[in-house]
Amino acid sequence: MTQNEFDKLVIELNEYSFDIMRNKRPEYTNENEDVLNNFKSTGDKLDISEMKVWATFFEKQTQSIFAHIKNANLKESEPIKSRFADVINYCYLGYALFKERDSKIK
């Protein structure tokens, strides 16, 4: 893969992941203004931190990718592109959780 081909792939995947995040946001936030609401409300229900909720959701995405690494013939419940886009989005959300936590500590 050339550098140019790779750069195009990165742009395409970033645009795709942003579209997914924007489209899923109302459902995952329960239309709450706080984009991290899903992690916080789930954490409250389960009596665990929002960071642990995030880690669990993130692990689900990476686990699916690893399953496809182990078995190239595994039937996809979602396109693999979608899994990678979700990983990108969970990285943004996880970073936002860290930034929010750090701002409360200072």
Side-chain angles (χ1 to χ4, degrees):
M1 178 177 288
T2 68
Q3 291 178 14
N4 192 36
E5 290 170 330
F6 180 77
D7 290 345
K8 285 180 183 178
L9 183 137
V10 168
I11 290 167
E12 176 190 317
L13 187 58
N14 279 330
E15 288 173 354
Y16 183 67
S17 67
F18 185 77
D19 285 344
I20 288 173
M21 186 179 350
R22 189 183 65 240
N23 291 329
K24 288 184 177 181
R25 185 174 294 157
E27 180 182 346
Y28 285 132
T29 62
N30 289 318
E31 298 184 357
N32 189 300
E33 184 67 25
D34 184 354
V35 296
L36 304 174
N37 182 59
N38 188 27
F39 305 109
K40 295 171 183 176
S41 64
T42 301
D44 288 343
K45 289 175 195 164
L46 299 174
D47 198 26
I48 60 174
S49 74
E50 60 264 21
M51 295 289 210
K52 288 182 181 179
V53 174
W54 172 85
T56 302
F57 292 177
F58 182 76
E59 171 64 15
K60 174 186 172 276
Q61 298 303 324
T62 59
Q63 185 178 53
S64 175
I65 292 169
F66 279 103
H68 288 281
I69 290 170
K70 280 182 98 170
N71 182 356
N73 298 314
L74 187 62
K75 185 177 184 297
E76 293 181 347
S77 63
E78 291 181 36
I80 198 69
K81 179 181 180 180
S82 176
R83 297 294 186 178
F84 278 99
D86 284 339
V87 166
I88 291 168
N89 288 333
Y90 277 106
C91 286
Y92 291 138
L93 293 163
Y95 182 63
L97 282 167
F98 273 89
K99 292 295 287 184
E100 185 175 79
R101 182 189 69 182
D102 291 348
S103 72
K104 290 177 182 176
I105 293 173
K106 294 178 181 179

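Numbers here are sequence positions counted from 1.
To the nearest 0.5 Å, atoms CD (Glu50) and OG1 (Thr42) are separated by 10.5 Å. Here Gln3 contributes atom CD and Lys8 contributes atom NZ; the two are 13.5 Å apart, rounded to the nearest 0.5 Å. With rounding to the nearest 0.5 angstrom, the CD1 atom of Ile88 is 9.0 Å from the CE atom of Met21. Here Tyr90 contributes atom OH and Lys60 contributes atom NZ; the two are 6.5 Å apart, rounded to the nearest 0.5 Å. With values rounded to the nearest 0.5 angstrom, Lys45 atom NZ is found 14.5 Å from Lys40 atom NZ. Once rounded to the nearest 0.5 Å, the distance linking CZ of Phe6 with CD1 of Ile11 reads 10.5 Å.
Here the closest heavy-atom approach between residue Leu36 and residue Leu93 is recorded as CD2-O, 3.8 Å. Pairing each heavy atom of Ala85 with each of Tyr16, the nearest pair is CB-CD2, 3.6 Å. Counting all heavy atoms, side chain and backbone alike, Thr62 lies closest to Val87 at CG2-CG2, 4.2 Å. The two atoms that bring Ala67 and Leu74 nearest to each other are CB-CD2, 3.7 Å, heavy atoms only. For Thr29 against Asn37, the heavy-atom pair with the smallest separation is O-ND2, 2.9 Å. What you find for Asn89 and Ser17 is that their closest heavy atoms are ND2-O, 2.8 Å.
The aromatic rings of Phe57 and Phe39 are tilted relative to each other, their planes meeting at an angle between 30° and 60°.
Under a hydrophobic-cluster definition in which Ile, Leu, Val, Met, Phe, Trp and Tyr are linked whenever side-chain heavy atoms come within less than 4.5 Å, directly or via other members, Tyr92 and Tyr28 are assigned to different clusters. Clustering ILVMFWY residues whenever any of their side-chain heavy atoms sit less than 4.5 angstrom apart, transitively, puts Leu13 in the very cluster that holds Ile69. Residues Ile80 and Phe66 share a single hydrophobic cluster, defined by chaining ILVMFWY side chains whose heavy atoms lie under 4.5 Å apart. Hydrophobic clustering (side-chain heavy atoms under 4.5 Å, transitive across Ile, Leu, Val, Met, Phe, Trp, Tyr) groups Val10 together with Met1.
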For the pair Lys81 and Glu12, evaluate side chain to side chain contact (heavy atoms under 4.5 Å, CB included) and give the outcome as yes or no after the intermediate values. CA-CA 10 Å; Lys81 179 181 180 180; Glu12 176 190 317; 2.9 Å; yes

In sequence, state the C-alpha distance, the side-chain angles, and the governing distance for Ser49 and Trp54, and then conclude on side chain to side chain contact (heavy atoms under 4.5 Å, CB included). CA-CA 9 Å; Ser49 74; Trp54 172 85; over 6 Å; no

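Here the side chain of Ser64 pairs no donor or acceptor atom with the backbone of Gln61 at under 3.5 angstrom. Checking side-chain atoms of Asn30 against main-chain N and O of Asn32 turns up no donor-acceptor pair under 3.5 Å.
Counting heavy atoms from C-beta outward, Phe98 and Arg101 have side chains that approach closer than 4.5 Å. Contact check for Leu46 versus Lys52: no side-chain heavy atoms found under the 4.5 Å cut-off.
Look at Arg22 and Asp19 and you find a salt bridge, because one of the NZ, NE, NH1 or NH2 atoms lies within 4.0 Å of a carboxylate O, short of that distance. By the 4.0 Å N-to-carboxylate-O rule, Arg83 lies too far from Glu76 to be salt-bridged with it.
For Lys24, the NZ atom sits in a packed shell: over 12 heavy atoms of surrounding residues, nucleotides or ligands are nearer than 6.0 Å.
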